[in-house]
Each structure stands twice: as structure tokens, then as C-alpha cells.
Amino acid sequence: MKLALLLGAALTPLAFAAPALAQSVADPVGPTTALEEVIVTGEPVMRNRTDDVVPTLSYDLEYFQRFEPLTVGDALKRVPSVTFLSDILESDGVRLRGLDPGYTQILINGERVPGGEADRSFFVDRIPAELIERVEVVRSSSANRSGDALAGTINIVLRDALALDGGYIRAGAILFPDDEFGGTFGAVYGGQVGPGRLLVGGSVQDRRNPKNKYSQRFDQPGGTLDNTEVQTDVRSGTDYSFNAAYEVEVGGGTLDLSGVFVRTERLQDEDSIEYRNGIETTANLLTINDNDVDIETDNLNLRARYEREMFGGETRFKLGFASFDDQQSEFENEAEYLRDGLPFPEEDRFTADLEYRDLQDEEVSAALEHTRPLGDDVELEFGVQAIQKDRDSTTRVANRVRFTIPNAPAPRPAQPPFVFTEGSYVIEETRIDPYVMVSGENGALKWEVGLRYETTDTTIAGIDNDFAELLPSASLRYRLSDSDRLTLSVARTVRRPDFDDLAPVTLEEEHGDNDFRGNPLLEPETAWGVDLGFERRLGRRGVVGINAFYRDVTDLIEDVNTGLQGSGGAGTFIESIDNVGDGQVYGVEFDLSTPLDFIGMDTTGVFLNASWLDSQVEDILGERRFNDQSDYVVNFGFTHDIPTWGAAFGATYRKQGDAFGRVYAEEVATSYGADLEVFLEKRLFSNTVIRLTGSNLLDSSKDEVFDKFNDQADQIARDYDEYELETESAGPVYQMVMRVAF
């Protein structure tokens with residue numbers, strides 16, 4: 001019944017138009033046609049084998065598209081070494097090689113984009129998958145790119161003006177786990193306009209992630225059950241996007257103009273009920289909590305690039321503007337019972353919190369780059385890249401409103417008025433990064449060496465934090481045969497401190513009951529890294545590869561305890577952060593993507609990628625991994641085309657390993673269930689395809705174990721304040737999508 005309704009909802013918007021559109025499709029005249037985007041091709045789509053010297057994995061949109069991902073985050077779940085620590089059905093902060101999102105550089109069309117997170121990371125679920133042309137995973141670093149890519153780089157390449165001749169429409173319906181319906185619609189067109197080529201596109205899509213959570217809290221492992229909490233968490237909203245690109249010949253060179261705008265509207269609605277001793281009856285009701293966050297986020301990215309032959313080579317001028325505007329309003333109301341021993345409905349205390357957050361981040365970038373030959377098969381590239389960042393953050397918080405209700409009859413006493421306090425800070429950061437790089441080719445050997453000098457001047461709350469780092473890099477690729485090649489890369493990278501960690505202000509109860517104070521004297525983390533890989537072509541289109549990596553990290557940034565008493569009184573402390581020592585990150589990555597034509601199954605393709613991830617760092621309690629690094633991630637899937645039927649189907653299975661994190665007075669172990677996705681596809685006309693997809697078909701869960709202590713001394717002695725088990729789960733999501741070319 002659900003699938004019948006879903007099919008009807010998907011077909012309704014376009015059913016009247018399909019026959020006319022089928023007659024209007026012209027022969028392809030451009031480098032890529034809309035028709036190729038929407039019909040069943042009759043053969044599987046594999047990973048690209050790039051010509052880059054730096055080890056790079058490239059995946060065209062068609063590699064992901066059959067599973068109809070809603071966001072770039074959904075698409076990235078199928079590539080090697082990408083993990084997430086998000087809630088179920090969420091794919092926001094990329095944890096390449098299992099490391100915190102701040103260790104991964106996110107680029108759009110090869111350029112940095114600002115993110116709203118304190119660690120400078122960009123949440124990839126802000127970009128609809130419909131915008132992308134391909135995704136690149138760059139495992140090492142080059143001198144002509146920003147060096148803040150300790151774990152690696154994800155480059156999201158959007159469609160440009162040469163991507164399409166013609167266009168297509170995408171429309172569909174989504175059935176969410178709580179039986180709510182949503183819609184998705186997108187349209188893209190590309191063609192000759194005036195003297196140049198234009199591409200325009202837009203999309204609107206609903207998103208809804210309903211989850212159920214359940215927590216049990218004990219006084220210690222195996223001890224007395226103190227309370228349980230039953231929680232619902234529904235995150236719903238709509239994403240709007242618009243992108244455009246125009247390419248034209250001007251003054252003997254090529255001018256590229258491009259822009260993308262994405263708006264995210266989202267409501268996070270969390271409701272919970274807490275019970276004493278795990279006895280879930282009204283007589284044991286402890287609290288009723290209602291917590292809503294209303295979010296509106298705008299991302300704008302504008303780029304101009306002019307390229308022409310001059311000065312004996314090719315010169316590029318780049319200008320860019322990127323902004324991130326995030327506005328949030330949050331309230332939390334909590335009714336408490338049993339404080340006086342009298343059960344529900346005698347309410348003992350009511351608490352209300354209200355907070356408004358406004359974050360505006362703008363970056364203006366410019367670059368001047370020049371490439372010229374130095375001789376046969378040797379090329380010199382040099383340039384300077386500059387970025388000016390301005391971040392304004394304002395938070396208005398109402399003093400926590402509490403009033404006691406000593407068994408008062410209805411109506412209860414009026415709530416006291418909110419009294420707001422405002423906190424704000426301004427961050428200004430200027431980067432000027434010159435670089436030089438030489439590359440060449442000699443027979444079977446292709447190589448590049450480079451040197452980048454990054455200077456950073458950051459001012460937070462009037463306090464400067466300046467540093468400069470010299471970042472050498474070198475990569476080579478050696479062709480062993482027509483099918484086999486070796487890659488080796490060595491590079492020094494950097495990770496800048498989080499903005500919150502630099503701010504010299506004290507945040508009360510930021511880490512549990514403890515306060516936190518930033519450290520404006522933090523130095524950046526730096527790392528020497530090595531990647532060694534082997535890749536083999538299988539048949540005409542298949543590829544298999546294995547890569548080993550190692551990172552030696554210095555000036556590691558970790559939480560520390562100042563020993564000073566916190567605002568909560570005795571037993572609480574002021575925590576801070578400092579450069580505490582060194583760490584190592586290492587692992588092995590395997591990926592296979594091939595059609596099964598070597599056994600006569602030309603229309604069946606399989607992919608398998610598996611990453612074994614490990615690291616080592618030492619804190620006051622001993623040795624552990626980098627916080628929250630999963631120990632492995634595995635993706636396996638297949639697609640099978642049936643050209644005579646105009647149909648196809650496929651599936652993908654994903655499993656991410658356990659993660660562990662340890663900070664001051666708290667530890668958490670996280671594990672995920674497996675994820676299964678499938679698709680069924682049918683060509684209706686020569687220009688029309690309809691696709692049914694299902695995700696999270698195994699009702700995946702996220703399970704967390706929290707060890708909580710009053711202070712570090714208790715953590716060492718294992719004297720528990722609380723031991724908590726939490727699990728969250730969600731059901732499957734179904735989509736029915738139609739694509740029509742014109």
C-alpha cells in the first residue's frame with residue numbers, strides 16, 4: 001500500500017508531459033547530454049581512473065545517482081575511508097579516515113568554502129546531491145592547494161557550463177519512517193546563450209529524520225538502575241538550491257563565472273520523559289522535557305576565473321566570495337516531579353530556557369597563478385592565494401527561569417519574564433599563501449614537487465594568534481605496465497585550532513558541570529604524511545587498488561584541566577586546551593570497482609571498498625586512538641542492467657566499525673548497525689526513467705556507552721558519577737523518482 005501511494009505521488013506531476021517530452025529529445029550535440037543522465041545505459045558505471053600524480057579517487061554522479069542520494073553526505077557513504085559520527089539518517093561532518101571533521105578539507109570546485117562549525121569544517125549535507133558532477137577523494141596534498149588537509153581532501157565538483165546540452169527534470173516523492181510524505185523536485189538546463197555557454201539548475205527537497213532514543217542510567221557498570229529516558233527526535237525541513245555557470249571567450253582568454261546558493265530550513269524537535277528507577281509509570285515520572293531548535297542556514301558561493309595565454313605560459317586570475325549565514329532559535333522547557341516525594345500530577349519545579357544564535361561568516365578570496373613549460377615534459381607552476389575571513393557570532397541567552405510550585409492548585413503561578421544576556425565575538429583571519437610547484441614526466445615516471453608557505457593572522461576578541469608554516473610536498477606515479485601503476489606521496493599538512501578553543505572567554509558548564517576557557521596561544525597541529533599505493537586496471541573499465549597511509553602529528557591539541565574551581569563550586573573545574581604532544585594515524589585502504597565482463601556478465605558491476613583505520617595518542621589515562629575514530633568501514637554493492645527490458649536493479653551494504661572517545665571526566669564508546677540500500681529502475685520512454693530506492697532497510701541503530709565521572713581523579717580511579725547506555729534507531733526511507741530529459 002505504501003509503495004502504491006508513493007508511485008502515484010511520484011508520477012502525478014509529470015504524467016501528462018511524458019509523451020510530448022519523449023518526442024522532443026534531439027540528437028546529442030554537446031560533450032555530455034541530458035539523455036545520458038536519465039536513461040538506462042545498459043552497462044554499470046565504475047570509479048574513474050584519474051591521471052593525477054597525487055593519489056585521487058574520482059566518482060561521477062552516475063556512480064551514486066541510481067541510489068538517489070539527497071545530499072552530498074548521502075553520496076559519500078559509498079566511497080573509501082569516509083565515516084560519520086552523526087545520528088542515524090544523518091551524514092553531515094565528513095570524518096575522512098575516521099578523524100574529526102576539522103582534519104578533512106572540503107572544497108567546492110577546487111576552492112575552500114566556509115563552514116559554520118568551530119573547527120572550520122563544512123557539513124556536506126548542506127549540498128544537494130543533484131548539484132554535483134563528480135566527487136574526488138584526494139588522499140595527499142599538493143602545493144597549489146590549501147595545506148589544512150591532514151586526513152585528506154573531498155573536492156565536490158559542480159556541473160559547469162559545458163556539462164549539458166539540453167536539460168532534464170527530476171521529480172519524486174519520499175516516504176519517511178514515520179509514514180510522513182515529502183517531495184523532491186529539480187531541473188537543470190545547459191546550452192549556448194549569446195557568445196558563451198550557460199548552465200542553470202535548481203532543486204527543492206523535503207527532509208525528515210525521525211528517530212527514537214532510549215537511555216538507561218546506572219550508578220556504575222552492573223550497578224543500580226537510577227532512571228530511564230524515553231525520547232523522540234524528529235528533524236524535518238526543506239532544502240532549496242540554485243546554481244548557475246557561464247563560460248565565454250573574452251580578450252583572448254576564457255572567463256568562467258559560477259555561483260551556487262543553498263538554503264536549509266530545519267526544525268529539530270526533541271521530546272523526552274524520564275522515569276525513576278526504570279519503572280515507567282506515572283507514579284515514577286521524574287521529568288517531561290520539550291526541546292525545539294529552529295534553524296535557517298544560507299550558503300552562498302560565487303566564483304570568477306579568467307585564464308589566458310601570456311608571459312610564455314598560462315595565467316589564471318581568480319576571485320571568490322563565500323558566505324555562511326546561520327540563524328537558530330532554541331527553547332527548552334522542563335517540568336520536574338518527585339522533588340518533594342509527591343508523584344505526578346504535583347509539579348515541583350518548571351524550568352524554561354531560551355536562546356538565539358546568529359552566525360555570519362564571509363570569505364573573500366583571490367589568487368594569481370601562472371603555469372609555464374621549463375622544457376620537454378617539465379612544467380613550472382607558481383602563484384599566491386589569499387583569503388580574508390570575517391566571522392561575527394552573537395548569542396542571546398535568557399537567564400534560566402525556574403520557579404517552584406509547592407503543590408499549587410491550577411492555575412499554576414505565572415512564569416517570570418525572560419531576562420536576556422548577550423555574548424558576541426568577532427573573528428578576523430587573513431591568509432596569504434605563496435607556492436611553487438614543478439611537475440614532469442619521463443617515460444613511465446610522472447612526478448611533482450612543491451613548496452607552500454602559509455601565513456595566518458587570526459584576531460579573536462582583540463587577541464592575535466599568528467603563525468606561519470612551510471609545507472613541502474612530493475608525489476610520483478610509476479607505470480609498471482599498461483595495467484599497473486605505483487603511487488607515492490609525501491606531504492606536510494596543518495590543522496588550525498578551533499575558533500572556540502582560541503577565544504579567551506570562560507563558558508560556564510560547557511563540558512558537563514565543568515567550565516571551559518579557550519587558549520589564544522594555541523599553536524596549529526602539523527603532520528608529516530606518507531601514502532603508498534598500487535592500482536591495477538581490470539579489463540576496459542574496472543580498477544582495483546590498495547593504499548597504505550601514515551601521519552605523524554605534532555603539537556596535538558587536547559583538553560587539559562587548569563585545576564581552578566569552576567562556577568559550579570566544589571567538585572567542578574575550569575577546563576582549557578593546549579598543545580600536549582604527538583600522535584600517529586595509520587591504516588590500509590582497499591577499493592575495487594569493476595564490471596564482471598571477464599566472466600561474461602557485461603551488464604553487472606560490483607564495488608567493494610574497505611578501510612582499516614588505527615591511530616595512537618597518549619593522555620593521562622594511557623594510550624588510545626584519536627577520539628571517535630572508527631576502526632574500519634566497509635562498503636559493498638552491485639548494479640545489474642537488463643537492456644532488453646530497459647530495467648536495472650542494485651544494492652549496497654555499509655558497515656562502520658566502533659569508535660571510542662575520551663576527554664576530561666567522560667568517555668564514550670559508539671557502535672553502528674549495518675545499512676542496506678537498494679534500487680529498482682525502469683525506462684518508460686527513450687528519455688524517461690523511473691526509480692524506486694530504499695535506504696536504511698535494516699533499521700540501523702546507533703548505540704553509545706557513556707562513562708561519566710566527577711573529575712579526572714575519579715576517572716583514573718574508576719569512581720563513577722554515572723554510567724549510561726543510549727540507543728537510537730530509525731526505520732527505512734523510500735523514494736520514487738522520475739527523470740525526464742528534454
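Atom set for the values below is all heavy atoms of this structure, side chains included, hydrogens, waters and symmetry mates excluded. Keep in mind it's a predicted model, so treat the numbers as computed, not measured.
Taking F660 as the reference, nothing meets the ring-ring contact (aromatic ring centres under 6.0 Å, His included) condition, with sequence neighbours excluded. Shown here are the ring-ring contact (aromatic ring centres under 6.0 Å, His included) partners of Y63, two or more places apart in sequence or in another chain: Y59, F607. Checked against salt bridge (charged side-chain N to carboxylate O under 4.0 Å, His left out), D482 has no partners two or more places apart in sequence or in another chain. E535 pairs by the side chain to side chain donor-acceptor pair (under 3.5 Å) definition with R47, R49, R485, not counting sequence neighbours. Applying the side chain to side chain contact (heavy atoms under 4.5 Å, CB included) criterion to S700, with sequence neighbours excluded, gives I88, N696. Remark: F679 pairs with F67 by the ring-ring contact (aromatic ring centres under 6.0 Å, His included) rule, at least two apart or across chains. Every salt bridge (charged side-chain N to carboxylate O under 4.0 Å, His left out) that D239 has, sequence neighbours left out, goes to R207. In this view, D498 and R495 satisfy the salt bridge (charged side-chain N to carboxylate O under 4.0 Å, His left out) rule, not counting sequence neighbours. The salt bridge (charged side-chain N to carboxylate O under 4.0 Å, His left out) check on D484 picks up R536, with sequence neighbours excluded.
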Enumerate donor-acceptor pairs with a distance under 3.5 Å from any side-chain N or O in residues 540-548 to protein atoms, sequence neighbours excluded.
from: R541; atom 1: NH1; to: P44; atom 2: O; distance (Å): 2.7
from: N547; atom 1: ND2; to: D531; atom 2: OD2; distance (Å): 3.0
from: N547; atom 1: ND2; to: E589; atom 2: OE1; distance (Å): 3.0

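Look at E618 and R624 and you find no salt bridge, because none of the NZ, NE, NH1 or NH2 atoms lies under 4.0 Å from a carboxylate O. With respect to R496 and E454, a salt bridge is recorded, a charged nitrogen being found less than 4.0 Å from a carboxylate O.
Within the structure, ring-ring contact (aromatic ring centres under 6.0 Å, His included) pairs that include any residue of residues 70-108 do not occur (at least two apart or interchain). Annotation: salt bridge (charged side-chain N to carboxylate O under 4.0 Å, His left out) contacts involving residues 371-382, sequence neighbours excluded, comprise R316-E381.
Side-chain contact check for Q656 and S630: at least one donor-acceptor pair (N or O, by modelled atom type) lies under 3.5 Å. No side-chain donor from either of N627 and R625 sits under 3.5 Å from a side-chain acceptor of the other. There is no side-chain donor-acceptor pair under 3.5 Å between T50 and N48. Side chains of S695 and E677: a donor-acceptor N/O pair is absent below 3.5 angstrom, by distance only.
We find the CZ-OG distance between R78 and S593 to be 13.0 Å, quoted to the nearest 0.5 Å.
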